[in-house]
Amino acid sequence: MMLEQACIGIAMLQEEGLATSSLMAVDLVIRDILEVFGFFQTPERLIATLRT
């Protein structure tokens with residue numbers, strides 16, 4: 001529910017995977033937490049990546 005209510009729902013995909021319910025609720029899936037900074041430094045990259 002929290003991911004659905006967030007302005008930008010972000011999930012981190014790890015080796016063990018990601019719950020389907022979380023995957024369906026997020027706007028952005030990343031592999032490394034440091035990737036988030038790249039998206040905020042370059043807003044065009046963030047816009048191009050958003051699922052919704």
Side-chain angles (χ1 to χ4, degrees):
M1 292 173 74
M2 187 168 60
L3 288 169
E4 292 173 350
Q5 297 299 316
C7 290
I8 300 176
I10 301 173
M12 198 162 90
L13 178 61
Q14 294 283 303
E15 290 179 16
E16 65 273 5
L18 181 64
T20 305
S21 58
S22 294
L23 179 62
M24 298 307 293
V26 299
D27 301 300
L28 181 63
V29 178
I30 60 173
R31 292 185 150 267
D32 186 306
I33 193 66
L34 297 177
E35 285 183 50
V36 172
F37 298 113
F39 286 111
F40 293 126
Q41 286 178 336
T42 311
E44 295 82 13
R45 182 178 170 203
L46 177 63
I47 293 167
T49 305
L50 291 175
R51 295 174 4 139
T52 58

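Computed from a predicted model, the values in this text were never measured in an experiment.
Of the inter-residue distances, the one linking E4 atom CD with S22 atom OG reads 9.5 Å to the nearest 0.5 angstrom.
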Could you pull out every donor-acceptor pair under 3.5 Å between side chains of residues 32-40 and any protein atom, sequence neighbours left out?
{"unit_1": "D32", "atom_1": "OD1", "unit_2": "L34", "atom_2": "N", "d": "2.7"}
{"unit_1": "E35", "atom_1": "OE2", "unit_2": "R31", "atom_2": "N", "d": "3.0"}
{"unit_1": "E35", "atom_1": "OE2", "unit_2": "D32", "atom_2": "N", "d": "3.1"}

In residues 5-16, what donor-acceptor pairs under 3.5 Å come from side-chain atoms, sequence neighbours left out?
none

